[in-house]
Each structure stands twice: as structure tokens, then as C-alpha cells.
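One structure is given below, encoded as C-alpha cells.
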Amino acid sequence: MSTNRDLAAVDGRRRINMDKVMTVVCFILLFIIVIIPIFMIIYNAFFFEGKFSLDLFTQQLTDSKNLSAMWNTLVIAVCATVLGTIMGVFYAWLLGRSDIPCKGLMRALFNIPYMFPPFLGAMAWDLLLNGRSGYLNRFLVSTFGLDGMPFNINSIAGIVFVEVSYYFPFVFMQVVSALERMDPTLEECARIAGAKQGTVIWKITLPLVKPAISAGALLILTTSLAHFGVPSILGYAQGIYTLPTRIYSVIYNSGGSFDGIRQGAALSVMLVVVVALALVLQKKILSSGNYDIIKGKSMRPTLIKLRGAKVPLLLVAVFTLVLIVVVPLVMIVLISFIKAYGLPLKFSNFTLSQYEKVFKASGTIDSIKNSLFVSITAGLICMFLGTLVAYVVQKIRPKGKEVLEVISVLPYSIPGTVLSIGVILAWSGSLGITLYNTIWIILVAYMARYLSFSMKTSSAALLQVHSSLEEAARVCGASHTESLTDVTLPLIRPAMVSGFFLIFLPAMREVTTSILLYGPYTRTLGVQIYSLRDAGMIPQAAALATVAIGIIIVLNAIVTQITKDRKGV
């Protein structure tokens with residue numbers, strides 16, 4: 001008996017030691033990946049040559065160009081959030097609660113904009129509605145004899161339109177799920193009491209799904225505040241700056257000098273403050289009210305009969321899908337075959353030479369390889385590190401676990417441009433390690449940026465694994481490490497795989513973070529497309545964009561199949 005007690009005591013000490021090791025490893029890695037870059041931004045914004053100074057921050061805050069960029073950022077973000085939320089809620093209700101036909105197909109199609117890089121959509125609409133030479137504008141002028149171009153996508157309104165087209169699925173996906181799972185009794189009681197359908201929706205349905213609406217709206221707001229690609233393509237050449245494009249402009253015009261990076265750090269603080277205010281606003285919205293909408297009943301909300309409005313609403317939905325999905329994709333593909341930008345879209349002007357040119361151009365193949373490398377590597381590292389952090393937070397629960405959780409999700413709460421500046425300041429020699437102009441600095445930024453994806457999916461899975469399973473394994477003689485690897489990890493493996501793909505796909509199409517980090521030989525796929533367009537090689541940029549879209553479609557199909565298979569395991 002004493003021998004068994006001794007063995008149990010030894011195993012207990014081993015578990016405590018292993019728990020401590022995992023906890024310490026998590027704190028050290030997150031300190032290196034997350035805390036150091038963020039600290040370097042704050043330090044360089046407010047300290048100069050070791051002394052505290054507000055001069056740089058005050059200078060940037062009072063610069064009229066920066067104030068204009070901040071105003072544009074807020075206007076675009078607020079308009080995109082309001083319009084995207086309205087659009088997302090409307091189509092979520094239409095597909096989740098009405099009897100509109102083809103719901104399954106349309107629901108899948110409405111998720112398509114989420115898959116594609118918004119900057120490619122901006123490029124497509126620029127080709128169509130450019131204020132100087134847009135194809136659709138030229139067609140309308142020649143057909144109707146107009147005096148000038150009827151549309152100009154190179155404006156704040158144009159930026160808002162494109163962002164709404166690609167961000168409304170953030171609200172749509174969350175709200176449609178909440179609407180399908182809500183308890184129907186409150187709505188039914190309101191109808192019995194004589195309330196009309198519009199009153200039921202406004203007074204009962206929408207307030208109950210406020211958390212889902214708020215979460216989706218916050219995603220639109222923070223994404224718009226931080227986004228670089230769409231404002232850059234549609235506004236940069238017209239002198240319309242947002243804070244992310246202004247940060248890029250300041251650093252680019254300074255030739256990447258340290259002073260330019262310090263100015264970017266000061267601007268980054270301004271951007272972080274705006275995002276923080278958005279997070280506080282969301283908490284206030286959700287601070288009151290009861291949102292317990294899922295009850296312990298196998299009941300589904302009643303579908304609303306559209307009757308005479310069914311066909312008109314179906315046509316509206318189809319028109320929306322054509323406008324935001326089909327038109328941009330077709331335009332990019334057509335331009336990829338044109339002999340020279342500006343030529344009429346006729347079969348006689350089509351050629352495959354643009355694809356030949358783009359793949360012969362220096363950097364194209366390398367950009368695809370670089371994107372695959374950093375996406376796969378960041379996905380794998382974050383998959384294991386995120387699972388480790390989740391295990392420490394959910395199972396070990398040490399003192400300071402809340403701090404650990406906040407640190408892991410912090411990088412995704414700050415703009416990608418800001419994170420890039422922090423990574424540059426941290427790993428460009430100031431701390432004795434130089435990664436600038438290498439693929440590794442992009443990898444480090446991706447790891448920090450997407451770690452929370454894996455941590456959140458693994459946390460949700462670990463909450464479903466009861467601690468008695470590991471305890472039973474240890475009773476049977478397994479060590480703490482063996483119970484973890486043989487019991488817990490196999491049970492949460494599907495969530496880990498999902499976490500990997502949640503990182504891999506966004507990283508493959510990413511441009512906001514890597515635009516400030518790439519070097520001569522480390523361009524990613526998104527950066528290469530952006531650079532080709534910036535250099536005026538528009539048909540070649542469209543050709544590479546078409547290839548990128550094809551890669552994304554194939555990868556998404558593989559992801560869908562793998563996750564479907566995993567669910568069936």
C-alpha cells in the first residue's frame with residue numbers, strides 16, 4: 001500500500017512539474033511573440049533616446065493629413081459597419097426565418113465573399129467604375145451619350161461599397177445561426193397578443209439576437225478600421241488616406257528609415273485607441289439585457305410565409321449575389337486575358353500571354369511558395385501553441401490564466417499594420433536579432449496575428465473533455481504526459497485541424513500585415529498582386545489574381561471536405 005501511495009505521490013509531483021513547465025513555456029512564448037512587439041510600439045512612440053517625450057505623438061496628432069486620415073477611417077468604418085450590419089441582418093432573416101426558395105444554395109453563395117481577399121474585389125470594381133477609364137463607365141458614356149463618367153469608385157463612397165460587399169457575411173453568418181436556434185415561444189406569445197409581424201421582428205426577434213448582431217458588427221468595424229487593401233487601391237492615388245494607408249505612406253516615403261517607422265508607431269497608437277473605443281462600445285451595448293435564446297426544447301422557430309413578396313425578394317437576393325460575387329470575379333478573369341489594359345473586351349483582344357508573362361516575371365513563383373510556406377508553417381505552429389495555451393487556461397488554470405488568455409487574443413484585436421510595425425521595431429536589430437527583409441519576420445507576425453484562432457477552437461473543444469478521462473488514464477498507470485497525448489489530444493484533434501485551416505486560409509490571402517514586412521525575395525501572393533497592379537501591369541495582376549482565386553477555391557474545397565470527414569469521425 002505504501003508503495004502505491006509513493007508512486008501516486010511521485011506521479012502527482014511529476015504532473016505539478018509538467019503543469020508548471022507548460023505554463024512557463026506559454027508565458028515565455030507569448031511574451032516573445034506578442035508583448036515585445038506591442039511594447040516596442042509604445043516605447044518608440046513615447047520615448048526618444050531613453051527619455052519620455054510626447055513631441056512625436058503630439059506632432060502626428062496635430063498633423064492635418066493625419067487628422068484627415070483619421071476622419072476618413074472613422075467615416076468609412078462607421079458607414080461600412082452600419083450598412084454591412086443592416087445587409088447581414090436582412091439576409092440572415094430572409095434565409096433563416098422565411099420560406100424563400102433555394103435557401104441552401106443562397107446561404108452557401110452568401111458566404112463566398114468571406115473567402116476572397118477584399119482587395120481583389122476593389123481591384124475588380126476599379127476596373128469597372130474607375131472615374132477615368134472604367135469599362136462600365138465607358139460603356140455607359142458611349143451607349144447613352146453622357147458628358148462624363150456616371151460613377152466614380154475612387155471615393156469614400158466607393159470604398160464603403162466594396163467593404164460592405166465583403167464584410168456583411170461577418171454579421172450574416174452569426175445572425176442566421178442565432179435565428180435558427182432561438183426559442184420560438186416569445187414570438188408566438190407576441191403574435192397571440194395581437195402583435196403584427198413587423199412589431200414581432202422589431203421588438204422580439206432582433207433584441208434577442210443582439211449579441212450575434214453586435215459580434216458581427218464589431219468584426220466589421222475592427223476589420224474596416226484596420227484594413228489596408230481596399231482604401232489603398234481605391235483611395236491612395238486620389239489622395240484619400242485612412243490611418244493604415246497613411247502609416248504605409250509615411251514609412252514608404254521615408255525609405256523605411258527609423259524616423260519613418262517611429263512616425264508609423266505614433267500613428268499606430270492612434271489607430272489602436274480607435275479600435276479600443278470600438279471594443280468598449282460593444283461591451284456597453286451588451287452590458288444590459290437577457291439574451292438567453294436557446295432553450296431545452298427540440299423546437300425550431302416558425303418560418304414566415306412571404307406570399308406575394310417571395311418572388312421580388314428572391315430577385316433582390318439573386319441580384320445582390322450577382323453584383324457582389326459574379327460581376328467582380330468575371331471582370332478579373334476577363335482582364336486577365338486582355339492584350340493590353342484599355343482595349344475593348346472583345347474575343348479578338350484576348351490572349352493567354354498575360355499568364356505567360358506573369359509566371360515569367362521575377363517573384364511570382366516565389367510569392368506562391370512564400371505564401372504556402374508561411375501559411376502552412378504559421379498554421380502548424382499556432383495549432384500546437386494555441387492548443388498548449390488553451391490547455392493551460394482550461395485545464396491547469398494557474399494564477400494569471402486570464403492574463404495568458406488576453407495576451408493570446410490581443411494581436412487580433414489590433415490592426416495588422418500596427419502589428420507589423422511592432423514586429424519591425426522588435427526584430428530589426430534593436431534587441432540583437434535581425435529578421436527584417438526575411439521570410440521569418442512575416443512568419444512571426446502571422447503567428448502573433450492568428451494565434452487566437454487556434455486557441456479559441458481548442459478551448460471550446462477542451463471544455464467538452466471532462467477531467468475524469470485523464471484521471472482514469474492515470475489510475476491505469478499512464479503518466480501525465482501519456483494521458484495528455486493518448487487521451488486528450490486525440491479527442492480534440494478535429495478542433496486542432498479546424499484551427500489550422502482557420503489560420504491557413506486567411507494567411508494565404510493576407511496583404512495588410514505583410515505589406516510592410518516583405519523584402520526583395522519575400523513577397524507573398526497578395527503582395528505580388530498588389531505590386532503588379534501598383535506598377536501598372538494590370539492585366540498581369542488580374543492574371544495572378546485569377547490564379548490566386550483558383551488556389552483559394554481549391555483550398556476551400558479541400559478544407560470543407562476534410563472538416564466534413566472529421567465531423568463524421
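We number each residue from 1, following the sequence as shown.
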Examine Tyr248 together with Phe228 and report whether their ring centres are nearer than 6.0 Å. yes
Once salt bridge (charged side-chain N to carboxylate O under 4.0 Å, His left out) is applied, do any residues pair with Arg397, and if so which ones, sequence neighbours excluded? none
Is Ser428 reaching over with its side chain to a backbone N or O of Leu425, donor-acceptor style, under 3.5 angstrom? no
With a 4.5 Å heavy-atom cut-off, do Leu555 and Phe504 have their side chains touching? yes
Any residue meeting side-chain hydrogen bond (donor to acceptor under 3.5 Å, both in side chains) with Thr23, in chain and number order, not counting sequence neighbours: none
So, Arg509 side chain and Gly526 main chain: donor-acceptor pair closer than 3.5 Å or not? no
Is any side-chain heavy atom of Leu404 less than 4.5 Å from a side-chain heavy atom of Ile407? no
Which side chain to side chain donor-acceptor pair (under 3.5 Å) pairs, counting each pair once, include a residue from residues 436-446, with sequence neighbours left out? Tyr446-Glu510
Evaluation steps, side chain to side chain contact (heavy atoms under 4.5 Å, CB included), between Met173 and Phe110: CA-CA 9 Å; Met173 288 187 290; Phe110 270 114; over 6 Å; no
Taking all heavy atoms of Gln174 and all of Leu219, pick out the closest pair and write down the distance. NE2-CD1, 3.5 Å
Are the side chains of Phe116 and Val325 in contact, using a 4.5 Å heavy-atom criterion? no
Would you check if the side chain of Thr81 reaches a backbone N or O of Ala77 as a donor-acceptor pair within less than 3.5 Å? yes
Counting C-beta onward and ignoring hydrogens, is there a side-chain heavy-atom pair between Leu109 and Ile112 closer than 4.5 Å? yes
Output all residues satisfying side-chain hydrogen bond (donor to acceptor under 3.5 Å, both in side chains) with Thr73, sequence neighbours left out; order by chain, then residue number. none
Taking all heavy atoms of Phe47 and all of Arg262, pick out the closest pair and write down the distance. O-NH2, 3.5 Å
Quick one: does Ser224's side chain get under 4.5 Å of Ile76's, heavy atoms only? yes
Residue pair Leu388 / Val25, side-chain heavy-atom distance below 4.5 Å: yes
Taking side-chain hydrogen bond (donor to acceptor under 3.5 Å, both in side chains) as the definition, give me every residue that meets it alongside Arg246, ordered by chain and number, with sequence neighbours left out. Asn66
Might you work through the side chain to side chain donor-acceptor pair (under 3.5 Å) test for Thr364 and Ser367, ending with a clear yes or no? CA-CA 5 Å; Thr364 298; Ser367 70; 5.4 Å; no
Closest heavy-atom contact between Ile36 and Ala426? CG2-CB, 3.7 Å
For Ser420 and Gly416, indicate whether the former's side chain and the latter's backbone hold a donor-acceptor pair under 3.5 Å. yes
Taking everything shown except Tyr521 itself, do over 12 heavy atoms lie less than 6.0 Å from its OH? no
Search all heavy atoms of Gly229 against all heavy atoms of Thr512 and return the closest pair with its distance. N-OG1, 4.4 Å
Under 4.5 Å between any side-chain heavy atoms of Met447 and Leu443, yes or no? yes
Before you tell me yes or no, could you show the steps for Val176 and Tyr91 under side chain to side chain contact (heavy atoms under 4.5 Å, CB included), namely the whole-Å CA-CA distance, both residues' side-chain angles and the distance that decides it to 0.1 Å? CA-CA 8 Å; Val176 74; Tyr91 282 113; over 6 Å; no
Can the ring centroids of Phe46 and Phe57 be said to lie less than 6.0 angstrom from one another? yes
For residues Ile32 and Trp427, report the shortest heavy-atom separation together with the two atoms involved. O-CZ2, 3.4 Å
Please tabulate, for the side chains in residues 455-462, all donor-acceptor contacts under 3.5 angstrom to protein atoms that are two or more places apart in sequence or on a different chain.
residue: Thr457; atom: OG1; partner: Phe453; partner atom: O; Å: 3.2
residue: Thr457; atom: OG1; partner: Ser454; partner atom: O; Å: 3.0
residue: Ser458; atom: OG; partner: Thr387; partner atom: OG1; Å: 3.0
residue: Ser458; atom: OG; partner: Ser454; partner atom: O; Å: 3.2
residue: Ser459; atom: OG; partner: Met455; partner atom: O; Å: 2.8

Can any side-chain N or O of Ser371 pair as donor or acceptor with the backbone N or O of Leu525 at less than 3.5 Å? yes
Side chains of Leu267 and Gln263 in contact at under 4.5 Å (non-hydrogen atoms): no
Nearest heavy-atom contact between Val497 and Met383 is N-SD, 4.4 Å
